[in-house]
Amino acid sequence: MLGKFFKKPSGNNPRVPPGQSLTERFPVLTYGPVPTLKPEQVEVRVFGMAEPATFTWQDLQNLPQTTHTYDIHCVTHWSKLDTTWTGVSIPTLMQHIKVDPQATAVMVHCYGGYTTNLLLDDFNRDLNLLAHTFDGKPLEKDHGGPLRLVVPHLYFWKSAKWVSGFEFLRADQPGFWERNGYHMRGDPFQEERFDDD
Ligand SMILES: Nc1nc2c(c(=O)[nH]1)N[C@H]1C(S)=C(S)[C@@H](COP(=O)(O)O)O[C@H]1N2
Ligand SMILES: [Mo]
């Protein structure tokens, strides 16, 4: 009831999901410590139901780089339109990962301990980036620099900052916020905010 009452209409803009308001700012939302990492220290480890692999910073720089401009939606009701990110697309990375055909999900691990889960179909999408650049500049530490995931079709808590690894899983498992009441999938256009939505 109250939730419905407080929902602001998003106008007629079909790009703005229900219950969201636009912001020009770029709020920072971090739970827990912010790790300080030099780019050369960053490694992304692949484990679980995949052939183990490690991508160093240089490995990632050597892969083809992709730039996308798209909208982001935080579960705390802000959306930001036309954000521009550069990095390695997940399908590009996946060309170098041998995933067990029985895997159906991915746990994203981060420096600092944060985790979030994605179904493999939500992970391996053309628009998803392992991004090191925002608006043409190195990604700021508070926003996940040197390296974060960007998954624009789901609420922004799925866009893990300071990524350290991808763990391939046979079945979907809850990550940090998902264990604490957030929805397992988090589609903003379906308003999948909490696990009872
Ligand atoms: N490692 C890590 N990644 C994270 C978080 C976090 O606390 N730690 N917060 C998530 C949440 S809830 C949101 S809304 C976005 C916020 O990203 P921003 O701070 O760049 O706006 O990062 C997501 N990724
Ligand atoms: Mo969030």
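Just follow the structure's listing: the first ligand is 1, and inside any ligand the first atom is 1. The first residue of the sequence shown is numbered 1, and numbering continues consecutively from there.
- Judged by distance alone, the side chain of Gln20 and the main-chain N or O of Cys74 form a donor-acceptor pair under 3.5 Å.
- Side chains of His109 and Thr115: no donor on one and acceptor on the other come within 3.5 Å.
- Protein heavy atom nearest atom 3 (N) of ligand 1, with residue, atom name and distance: Lys161 N, 2.9 Å.
- Contacts between Trp162 and ligand 1 below 4.0 angstrom, taking non-hydrogen atoms only, involve the side chain exclusively.
- The shortest side-chain heavy-atom distance between Asn128 and Pro152 falls under the 4.5 Å cut-off.
- Look at Ser159 and you'll find a heavy atom under 4.0 Å from some atom of ligand 1.
- Counting heavy atoms from C-beta on, the side chains of Trp57 and Lys38 never come closer than 4.5 Å.
- Ion pairing between Arg148 and Glu140 fails under the 4.0 Å rule for side-chain N and carboxylate O.
- An N or O contact shorter than 3.5 Å is missing between Cys110 and ligand 1 by distance.
- Counting heavy atoms under 4.0 Å from ligand 1, residue Tyr114 touches it through the side chain alone.
- Considering backbone and side-chain atoms together, His143 places an N or O closer than 3.5 Å to an N or O of ligand 1.
- Contact annotation for Arg148 and ligand 1: only side-chain heavy atoms (C-beta onward) come within less than 4.0 Å of the ligand.
- Ligand 1 places these atoms under 4.0 Å from at least one heavy atom of Pro27: 18 (P), 19 (O), 21 (O).
- Among protein heavy atoms, atom 13 (C) of ligand 1 sits closest to Phe156 O, 3.7 Å.
- Aromatic pair Tyr155/Tyr182: ring centres not closer than 6.0 Å.
- A donor-acceptor pair under 3.5 Å links the side-chain atoms of His77 to the main chain of Gly19, judged by distance alone.
- Around OH of Tyr31, the count of heavy atoms belonging to other residues, nucleotides or ligands within 6.0 Å does not exceed 12.
- For the pair Trp162 (side chain) and Gly113 (backbone), a donor-acceptor distance under 3.5 Å is absent.
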Run the side-chain donor-acceptor check on residues 62-72: report pairs under 3.5 Å with partners two or more places apart or on a different chain.
unit_1	atom_1	unit_2	atom_2	d
Asn62	OD1	Gln58	NE2	3.1
Asn62	ND2	Gln58	O	3.4
Gln65	OE1	His132	NE2	2.7
Gln65	NE2	Leu60	O	2.9
Gln65	NE2	Gln61	O	3.4
Gln65	NE2	Leu63	O	2.8
Thr67	OG1	Thr86	OG1	2.8
His68	NE2	Asp126	O	3.4
Thr69	OG1	Thr84	OG1	2.7
Tyr70	OH	Leu127	O	2.8
Asp71	OD1	Arg15	NH2	2.8
Asp71	OD1	Asp82	N	2.9
Asp71	OD2	Arg15	NE	2.9
Asp71	OD2	Arg15	NH2	3.4

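- Shortest contact from atom 12 (S) of ligand 1 to any protein heavy atom: Trp157 CB, 3.4 Å.
- Residue Ala160 approaches ligand 1 through these ligand atoms, each under 4.0 Å from one of its heavy atoms: 3 (N), 24 (N).
- By the 3.5 Å distance cut-off applied to N or O atoms, Thr30 is not counted among the residues near ligand 1.
- Screening Asp122, Asp172, Asn117 for a side chain to side chain donor-acceptor pair (under 3.5 Å) with Arg185, the sole residue that qualifies is Asp122.
- Close N/O approach between Tyr111 and ligand 1 is not found [any backbone or side-chain N/O within under 3.5 Å].
- Geometrically, ligand 1 and Phe26 share no nitrogen or oxygen pair separated by less than 3.5 Å.
- Ranking protein heavy atoms by distance to atom 9 (N) of ligand 1, first place goes to Leu29 O, 3.2 Å.
- Those atoms of ligand 1 that come under 4.0 Å of a heavy atom in Tyr31, given as number and element, are 6 (C), 7 (O).
- Residue Cys74 places a heavy atom under 4.0 Å from ligand 1.
- For Tyr155, no heavy-atom contact with ligand 1 is shorter than 4.0 Å.
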